[in-house]
*Asks:* 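What follows is a structure written as structure tokens; I'll ask about it next.
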Amino acid sequence: MTTIKFSVKIASAFVLLLICHACRENLEESPFSSLSKEVVFKDEEGLNQATIGVYQAWTAPDFSDITSRFILAESGHRYATAGILGSGSDPYYRFGHVASSGAFEVVWARFYKIIFRANTVIDNAKLAVPGEAEEADPYVAEARFLRAYAYFNLVRLFGGVPLILQEIKSLDDTELVFAPRATDIAVYDAVIADLAFAENNLPDSRGGAELGRVSAGTAKALLGKVYLTMAGKPLSRTENYQKAVDKLGELTGPENEEKYDFELLPDFADVFALSNERNREIVLSFGYFINSSNPNGNILPFNLFPTGLVNGDEQTNYGLTPAFYQQYEKTDTRRDFTLVERYVFKGSARAGAEPGDSIVYDPGTGNYINKRTQTSLGHNDFRYGMAYGKLAREPRPAGAAIQGYSADLIEMRFSDVLLCLAEALVETGKTAQALPLLNRVRTRAKATALKPTTAAELRAAIRKERRLELTGEFNTVFDIRRWGTLNEEIAAMSPDQIVDNVLLPYSPKLELYPIPQSQIDANPNLVQNAGW
């Protein structure tokens, strides 16, 4: 169960010079308030602070890219559509993006900032504990895990990317600053090496003051998911299905779940409650907190919730079609927590709604309807989707910025581990072992246990279950790409889910996003993805 929260004092203790691949256009500026390596890495406490600085890079104040990462991972499929604002997920949900579209640059920059900080810790950790290398290894393992997760995201988004595994010390390190693209398999090999080191040098689980830092269990879970991803498209390294079975199998079953401190919580909504963060179902998440000096927090509730769900000023930038809502059984506890079909308007009056008004989504008009006034909430000149609601539905803290919510950013849950293992078992011919894992997830959600009779039926059921269970958790687009089903997704889309735009047909280039145009312009050694 892994998430991380830390104070501004701790986070600011590791202020690095902004020398990184993603921000080289700013390298002429003089750094201020930076601590030298000799100060940061003078002892183990400094090393600890520097390691926490790598975690902090995942939640740093330039927060808007969190929404961009959500859109890139969760739009562009048969159920994705516009939100109440209409343009939030455009052009990505209709495949109209180009290399200069803004989300690519901010997401790329975030991941390379993380990589830069991780490399600094990895290359300097032993300065803090000279002659005691084993004391540095756990910190190096944390940094290598966080670097691996950044590269895992990058390679799934863009394919092969610059593989920078050393600290950039100055502008003279041109072979790093202007690194060419590595192959996708080279990036995956680096990810595997980092995760293997992490699982061998981290404690099995965390607790007490260390609760929230990555563990061997976290590393094993991510490594199993990496193997599963490599077994699918485009690499098609099918021998990795068995590697995924072996690795994920180390985490499941009563003894292993106790050892690594994982479980499925009895109640689905409890997983996401603010009062229950860092619970045993959370494999990996990054913590947000709000106070007077850190007002921004997690922007996703502000950009995903329907207006008035908790505060009255939410701005829905993304939607899911009513057809997705209908994929759930009526008894499924995930349905009305994942999507918001109806709610009572809260917070300040807005868009013709008052506190206490009953708001209901009308599939006929494609809008939310205020039952008191019988008018659409917000726009009524286009059809928008149902809002996403799988986050803690609590108002932002007093004094926070308008987008400042405290909900942790959940990256991986134990249900994902179970479904990844079930999928790998099917692909290795072990369907009898896969079915109980699938039904364990469904039973928790009060959905009917399934009884597929063929491997094909079980495969289809697991793929559907991943959407029902994990939609909105940075999985959907990556699953579609590794399954090789993007063409089917686009064919299943209908014009009425596209707002004022034409749905583009399938093209092989859509299997990857383009390298950000700003990076192509800045680095003469980068080559764009085919078709872009």
Side-chain angles (χ1 to χ4, degrees), residues 3-15 52-74 83-85 87-89 102-103 106-107 109-110 113-114 212 269 271-279 282 284-319 337 340 343-351 353 355 378 387-411 472-474:
T3 185
I4 186 77
K5 289 182 179 280
F6 40 80
S7 69
V8 173
K9 180 178 180 181
I10 291 176
S12 64
F14 186 39
V15 182
I52 290 175
V54 188
Y55 287 96
Q56 190 268 347
W58 284 91
T59 60
D62 47 339
F63 54 84
S64 64
D65 63 309
I66 301 301
T67 298
S68 293
R69 184 155 74 92
F70 179 95
I71 294 299
L72 294 185
E74 292 295 333
I84 294 173
L85 290 185
S87 60
S89 59
V106 295
V107 169
R110 169 77 73 168
K113 176 188 291 183
I114 294 161
V271 178
F272 304 89
L274 292 186
S275 60
N276 199 33
E277 290 183 322
R278 291 154 285 163
N279 60 73
I282 304 302
L284 174 65
S285 65
F286 297 106
Y288 283 85
F289 67 99
I290 302 295
N291 61 26
S292 59
S293 60
N294 185 36
N296 289 324
N298 184 347
I299 196 174
L300 287 184
F302 177 72
N303 278 346
L304 296 176
F305 284 168
T307 301
L309 184 65
V310 291
N311 275 325
D313 50 16
E314 299 87 344
Q315 298 184 7
T316 316
N317 285 310
Y318 170 81
F337 192 73
V340 184
Y343 63 102
V344 175
F345 193 94
K346 298 177 182 178
S348 55
R350 187 180 182 191
Y388 179 83
K390 200 200 304 182
L391 294 157
R393 298 184 185 182
E394 298 186 25
R396 58 180 172 263
I402 191 172
Q403 73 285 335
Y405 292 76
S406 291
D408 284 353
L409 194 66
I410 297 174
E411 304 277 344
E473 299 179 51
F474 307 102

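Worth knowing before you read on, the calculation uses all heavy atoms, side chains too, and leaves out hydrogens, waters and symmetry mates.
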*Asks:* Main chain of Phe305, side chain of Thr316: is a donor-acceptor contact present, judged purely on distance under 3.5 Å?
*Replies:* yes
*Asks:* So which heavy atom on Thr307 is nearest to which on Glu314, and how close?
*Replies:* OG1-O, 2.9 Å
*Asks:* Nearest 0.5 Å, please: how far is CD1 in Ile410 from CD in Glu277?
*Replies:* 7.5 Å
*Asks:* Show the nearest heavy-atom pair for residues Pro301 and Asn298, with the distance to one decimal.
*Replies:* CD-O, 3.4 Å
*Asks:* Are the side chain of Asn276 and the backbone of Ala273 linked by a donor-acceptor contact shorter than 3.5 Å?
*Replies:* no
*Asks:* Kindly determine whether Phe474 and Leu409 satisfy side-chain contact (heavy atoms from CB on, under 4.5 Å), including the steps that lead there.
*Replies:* CA-CA 10 Å; Phe474 307 102; Leu409 194 66; 3.9 Å; yes
*Asks:* For Gly287 versus Asp408, what's the shortest heavy-atom pair and its separation?
*Replies:* CA-OD1, 3.1 Å
*Asks:* Phe70 versus Asn317: any side-chain heavy-atom pair under 4.5 Å?
*Replies:* no
*Asks:* Report yes or no: does Arg110 contribute a side-chain atom to a donor-acceptor pair with the main-chain N or O of Ala57 at less than 3.5 Å?
*Replies:* yes
*Asks:* Is a side-chain N or O of Tyr318 found less than 3.5 angstrom from the main chain of Glu74, in a donor-acceptor match?
*Replies:* yes
*Asks:* Closest approach of Gln315 and Arg350, non-hydrogen atoms and distance?
*Replies:* NE2-NH2, 3.9 Å
*Asks:* At what distance, to the nearest 0.5 angstrom, does CG of Asn296 lie from CD1 of Ile290?
*Replies:* 7.0 Å
*Asks:* What are the two closest heavy atoms between Val107 and Ser68, and how far apart are they?
*Replies:* CG2-CB, 3.9 Å
*Asks:* Step by step, would you call Ile66 with Tyr288 a side-chain contact (heavy atoms from CB on, under 4.5 Å)?
*Replies:* CA-CA 12 Å; Ile66 301 301; Tyr288 283 85; 3.5 Å; yes
*Asks:* Check Ala387 against Leu304 and note the closest heavy-atom contact, atom names and distance.
*Replies:* CB-O, 3.6 Å
*Asks:* When the ring planes of Phe272 and Phe337 are compared, do they come out parallel, tilted or perpendicular, using 30° and 60° as the limits?
*Replies:* tilted
*Asks:* Indicate yes or no: at least one non-hydrogen side-chain atom of Tyr405 is less than 4.5 angstrom from one of Phe302.
*Replies:* yes
*Asks:* Listing request: all salt bridge (charged side-chain N to carboxylate O under 4.0 Å, His left out) pairs with a residue in residues 393-407, at least two apart in sequence or in separate chains.
*Replies:* Asp313-Arg396
